[in-house]
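Right, one structure below, let's go through it.
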Amino acid sequence: RFPYFSQNIAEFWRRWHISLSSWFRDYVYIPIGGSRQKTGKFIVSVLFVFGLSGLWHGASWNFLAWGGLHGIAYILYRLYSKLPTKKFAIIANDKKYPTGSELLNMTGLFVFVSFAWVFFRIHDLNIVGQFFIQLVDGILHGQQQLLQKPYGLSILLFVVPFLLVE
């Protein structure tokens, strides 16, 4: 269902791991009240379900953090989004390319999900912190070094256009 082409976190979870997401919705979220609750209970329910889905992947703090990040993103989207929730938004409806806002939404979601995958993959939260420090340091100080290396120009000339075409 191409979850990385989703425009928001709610749509991503409707497209990602459909059987597990449906199970958590049907057997955990709806029985504890679902979205027919006041805001406070809704927040607690969503955090509980996403935290539980994180723990389902493994009994570790990194999985709980991963689930918590997704839960917070889902809550923020549901509370502050003025967009109607569609089951699957049709990207570039009757057009060849997506609109600027669709592309921006997909890019923002991709960046968030990629950020959260780091918590899923690295089991030690201290190492997660070190990873992000090195990432930011590399972005801030490593750009000139990248272009000086023989493969730096190749990345700009070949990889970036292929990503844009994809």
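Inter-residue side-chain proximity for Asn8 and Leu109 is flagged as unmet; no heavy-atom pair is nearer than 4.5 Å. Using a 4.5 Å heavy-atom threshold, the side chains of Gln37 and Val44 count as separate. In this structure, the side chains of His123 and Trp61 stay at 4.5 Å or more apart for every pair of heavy atoms. A heavy-atom distance below 4.5 Å is found between the side chains of Val118 and Val128. Side-chain contact between Tyr97 and Leu103 is absent, with no heavy atoms from C-beta onward closer than 4.5 Å.
Of the inter-residue distances, the one linking Ile43 atom CD1 with Lys38 atom NZ reads 13.5 Å to the nearest 0.5 angstrom. Distance check: Leu76 CG to Ser81 OG gives 11.0 Å after rounding to the nearest 0.5 Å. Atoms CZ and OG1, from Arg78 and Thr39 in turn, are 11.0 Å apart once rounded to the nearest 0.5 Å. Atom OG of Ser45 is separated from atom CD1 of Ile75 by 9.0 Å, given to the nearest 0.5 angstrom.
Between Phe119 and Phe115, the ring planes lie perpendicular to each other; the angle is over 60°, past the 30° to 60° tilted range. Taking the six-membered ring for Trp and thresholds of 30 and 60 degrees, Trp66 and Phe120 have ring planes more than 60 degrees apart, a perpendicular arrangement.
A donor-acceptor pair under 3.5 Å is absent between the side-chain atoms of Glu102 and the main chain of Pro98, judged by distance alone. At least one donor-acceptor pair closer than 3.5 Å links the side chain of Ser21 to the backbone N or O of Trp13.
Annotation: side chain to side chain donor-acceptor pair (under 3.5 Å) contacts involving residues 47-58, sequence neighbours excluded, are absent.
A search for ring-ring contact (aromatic ring centres under 6.0 Å, His included) contacts involving Phe131 returns nothing, not counting sequence neighbours.
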Evaluate the criterion side chain to side chain contact (heavy atoms under 4.5 Å, CB included) for residue pair Trp16 and Val113; output intermediate values, then yes/no.
CA-CA 11 Å; Trp16 181 269; Val113 171; over 6 Å; no

With side chain to side chain contact (heavy atoms under 4.5 Å, CB included) as the test, would you mind laying out the steps for Asn62 and Leu125 before giving the verdict?
CA-CA 6 Å; Asn62 66 304; Leu125 292 180; 4.1 Å; yes

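Around CZ of Phe110, the count of heavy atoms belonging to other residues, nucleotides or ligands within 6.0 Å does not exceed 12. The neighbour count for Phe48 CZ, taken as heavy atoms of other residues, nucleotides or ligands under 6.0 Å away, does not exceed 12.
Closest approach of Phe12 and Pro3 over heavy atoms only: CD1-O, 3.4 Å. The heavy-atom pair separating Phe5 from Met106 by the smallest distance is O-SD, 3.4 Å. Pairing each heavy atom of Arg15 with each of Ser6, the nearest pair is CD-OG, 3.1 Å.
Leu104 and Phe112 are assigned to two separate hydrophobic clusters, defined by single-linkage of ILVMFWY side chains at heavy-atom distances under 4.5 Å. In the hydrophobic cluster analysis, where Ile, Leu, Val, Met, Phe, Trp and Tyr join through side-chain heavy atoms closer than 4.5 angstrom, Leu79 is grouped together with Leu47. In terms of hydrophobic clustering, with Ile, Leu, Val, Met, Phe, Trp and Tyr side chains grouped at heavy-atom distances under 4.5 Å, Ile133 and Leu135 are assigned to different clusters. In the hydrophobic clustering of ILVMFWY residues, with side-chain heavy atoms under 4.5 Å counting as a link, Val111 and Leu69 come out apart. Placement of Ile72 and Trp117 within a single hydrophobic cluster is found when ILVMFWY residues are connected by side-chain heavy-atom separations under 4.5 Å, directly or transitively.
For Tyr74 and Phe50, the ring centers are positioned less than 6.0 Å apart.
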